[in-house]
Visitor: 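One structure is given below, represented as structure tokens, and several questions about it will come after.
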Amino acid sequence: MNKKEIIWEAHRRGLHDGFINFWMGMLEDVLEDSTREQRVFEYGAMNARFLEFLEIALNVKEGKGIVMQTDDRGQNNTWPRGLGQNLSFIPESEVAIVQNFDIGFSQEILSLLPDLSDHARCIWDMLSPSGVYYATFGWHRGNPSSDRQARLRECKGQPFFSYSLDEVVEAFHGQGFEVGVKRLTLPYFMIYDPQVTPVRYGSVGDMITCLQDQKILFSFRKWEHTHG
């Protein structure tokens, strides 16, 4: 399916999620290699929706959600929609059983991690010899809105680790990954929300800067090192 068909099918299934714009941007390059079945995971899964979206866009043989919050371990039985037989979720503490996966994804989890090098080693072990990990990162040190995000996290009792883009690159390259970097392309409009935009970004202009100029997509490919 092309991008519009994927979006319409997602809406038909009830995936009316404000993050679809970002999901589609993450999958732009992946769709070019979607003819074979893939084993995929999402690190930092908050619900089933992104994996359901992947099922629409890709030929998913198996989908695994890695839940980072320990108090969310019981969510496997409480998702709002039924899961397909090839989708399942495990807590982060059991991530060692996730091996030989073709593609991994994460969305804005890097600022939640106390050690990027540990995460890079973990991802290396989870991927197949030719696997690739795609990670979005907007709340990096170079983003003018990151201080605002840090304060919001503090109010919620959530961690915020401030990393530069260079620190991310060095952590994964040091593990042996081929590291690719680009701005995340948003295929559709950014939606203004009077309850969210002023609090999270400040102004509409700040929102555009944050999401269009500062939102970064990394690709961490294992094949270059393995076959090199």
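Everything numeric in this text was worked out from a predicted model, so none of it was measured. Heavy-atom basis, side chains included; hydrogens, waters and symmetry copies ignored.
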Visitor: Can you tell me how far CG of Leu58 sits from CD1 of Ile6, rounded to the nearest 0.5 angstrom?
Guide: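 Between atom CD1 of Ile6 and atom CG of Leu58 there are 7.5 Å.
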Visitor: How close do Asn21 and Pro187 get, heavy atom to heavy atom, and via which atoms?
Guide: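 Here Asn21 and Pro187 meet closest at OD1-CD, 3.2 Å.
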Visitor: Determine, using the 4.5 Å side-chain heavy-atom cutoff (strictly less than), whether Val181 and Ile123 are members of one ILVMFWY cluster.
Guide: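 Yes, it is one cluster - the side chains of Val181 and Ile123 are joined through contacts under 4.5 Å.
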Visitor: Distance from Ser88 atom OG to Glu62 atom CD, nearest 0.5 Å?
Guide: 6.0 Å
Visitor: Could you tell me if the side chain of Leu184 sits less than 4.5 Å from the side chain of Tyr134, heavy atoms only?
Guide: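 Of all side-chain heavy-atom pairs linking Leu184 with Tyr134, none is under 4.5 Å.
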Visitor: Would you mind telling me which of Phe22, Phe50, Phe218, Trp23 makes a ring-ring contact (aromatic ring centres under 6.0 Å, His included) with Phe105?
Guide: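 Exactly one candidate clears the test, Phe50.
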Visitor: For Ile191, what are the other residues in its hydrophobic cluster, where any two members join if their side-chain heavy atoms are less than 4.5 angstrom apart?
Guide: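 So far as hydrophobic clustering goes, Ile191 is joined with Phe189.
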Visitor: The test is side chain to side chain contact (heavy atoms under 4.5 Å, CB included); show your working for Arg153 and Trp139 and say whether it passes.
Guide: CA-CA 11 Å; Arg153 294 260 189 95; Trp139 302 121; 3.9 Å; yes
Visitor: Name all residues meeting the side chain to side chain contact (heavy atoms under 4.5 Å, CB included) criterion together with Ala120; count only those two or more places apart in sequence or in a different chain, and write none if there are none.
Guide: Phe172, Gln175
Visitor: So which heavy atom on Ser162 is nearest to which on Glu167, and how close?
Guide: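 For Ser162 and Glu167, the tightest heavy-atom pair comes out as O-OE1, 4.1 Å.
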Visitor: Please walk me through it: do Tyr133 and His119 pass ring pair (Phe, Tyr, Trp, His ring centres under 6.0 Å)?
Guide: CA-CA 11 Å; Tyr133 176 49; His119 184 61; 5.7 Å; yes
Visitor: Out of curiosity, His11 NE2 to Ile20 CD1, how far, rounded to the nearest 0.5 Å?
Guide: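 Answer rounded to 0.5 Å: 4.5 Å.
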Visitor: For residues Tyr192 and Leu186: do they belong to one hydrophobic cluster (side chain heavy atoms under 4.5 Å, members Ile, Leu, Val, Met, Phe, Trp, Tyr)?
Guide: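 Yes, one cluster joins them.
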Visitor: Nearest 0.5 Å, please: how far is OG1 in Thr185 from CD in Gln212?
Guide: 9.5 Å
Visitor: Classify the angle between the aromatic ring planes of His140 and Phe137 as parallel (below 30°), tilted (30 to 60°) or perpendicular (above 60°).
Guide: perpendicular
Visitor: SG of Cys122 to CD1 of Ile66: how many Å apart, nearest 0.5 Å?
Guide: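 Cys122 SG to Ile66 CD1: 8.0 Å, rounded to 0.5 Å.
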Visitor: Taking all non-hydrogen atoms of both residues into account, name the closest pair between Leu51 and Gly63 and its distance.
Guide: CD1-C, 4.3 Å
Visitor: Pairs of donor and acceptor atoms involving the side chains of residues 97-104, under 3.5 Å and at least two apart or interchain, shall be tabulated with distances.
Guide:
{"unit_1": "Gln99", "atom_1": "NE2", "unit_2": "Ala96", "atom_2": "O", "d": "3.3"}
{"unit_1": "Asp102", "atom_1": "OD2", "unit_2": "Arg39", "atom_2": "N", "d": "2.7"}

Visitor: Mind checking whether Phe41 and Tyr43 have parallel, tilted or perpendicular rings, split at 30° and 60°?
Guide: perpendicular
Visitor: Go through Glu42 and Gln107 one step at a time and tell me if the side chain to side chain contact (heavy atoms under 4.5 Å, CB included) criterion holds.
Guide: CA-CA 8 Å; Glu42 181 191 12; Gln107 305 170 67; 2.8 Å; yes
Visitor: Would you compute the distance between atom CZ of Phe177 and atom CZ of Arg221 and round it to the nearest 0.5 angstrom?
Guide: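 Reported to 0.5 Å precision, the distance equals 11.5 Å.
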Visitor: Please, which pairs that meet salt bridge (charged side-chain N to carboxylate O under 4.0 Å, His left out) have at least one residue in residues 184-211, sequence neighbours excluded?
Guide: none
Visitor: Partners of Glu9 by salt bridge (charged side-chain N to carboxylate O under 4.0 Å, His left out), sequence neighbours excluded?
Guide: Arg12, Arg13
Visitor: List the atom of Arg141, the atom of Ser146, and the distance in Å for their closest heavy-atom pair.
Guide: O-OG, 4.1 Å
Visitor: In terms of hydrophobic clustering (I, L, V, M, F, W, Y; side-chain heavy atoms under 4.5 Å; direct or indirect links), are Tyr188 and Leu211 co-clustered?
Guide: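 Cluster IDs for Tyr188 and Leu211 match.
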Visitor: Mind checking side chain to side chain contact (heavy atoms under 4.5 Å, CB included) for Val199 and listing every partner two or more places apart, or none if nothing turns up?
Guide: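 By the side chain to side chain contact (heavy atoms under 4.5 Å, CB included) rule, Val199 matches Leu152.
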Visitor: Is any side-chain heavy atom of Phe19 closer than 4.5 Å to a side-chain heavy atom of Met26?
Guide: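 A side-chain contact is absent here, since even the closest heavy-atom pair is not under 4.5 Å.
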Visitor: Sequence neighbours excluded, which residues qualify as salt bridge (charged side-chain N to carboxylate O under 4.0 Å, His left out) partners of Arg183?
Guide: none
Visitor: What closest approach, in Å, do Val179 and His173 show between heavy atoms, and which atom pair accounts for it?
Guide: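 Reported closest heavy-atom pair: CG2-N, 3.7 Å.
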Visitor: CD of Glu154: more than 12 outside heavy atoms within 6.0 angstrom?
Guide: no
Visitor: Under the ring-ring contact (aromatic ring centres under 6.0 Å, His included) definition, can you give me all pairs with a residue in residues 193-212, not counting sequence neighbours?
Guide: none
Visitor: List for me each residue that meets salt bridge (charged side-chain N to carboxylate O under 4.0 Å, His left out) alongside Glu108, sequence neighbours excluded, and say none if there are none.
Guide: Lys215
Visitor: If every non-hydrogen atom of Met68 is compared with every non-hydrogen atom of Leu112, which pair is closest and at what distance?
Guide: CE-CB, 4.3 Å
Visitor: For Lys61, give me all partners under salt bridge (charged side-chain N to carboxylate O under 4.0 Å, His left out), at least two apart in sequence or on another chain.
Guide: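 Lys61 satisfies salt bridge (charged side-chain N to carboxylate O under 4.0 Å, His left out) with no residue once adjacent residues are dropped.
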Visitor: Got Trp124 and Lys222 here, is their nearest side-chain heavy-atom distance under 4.5 Å?
Guide: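 In contact.
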Visitor: List in chain and number order the residues that pass side chain to side chain contact (heavy atoms under 4.5 Å, CB included) with Glu170, two or more places apart in sequence or in another chain; answer none if no residue qualifies.
Guide: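 Expected list: Asp166.
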Visitor: Under the salt bridge (charged side-chain N to carboxylate O under 4.0 Å, His left out) definition, can you give me all pairs with a residue in residues 115-131, not counting sequence neighbours?
Guide: Asp118-Arg121
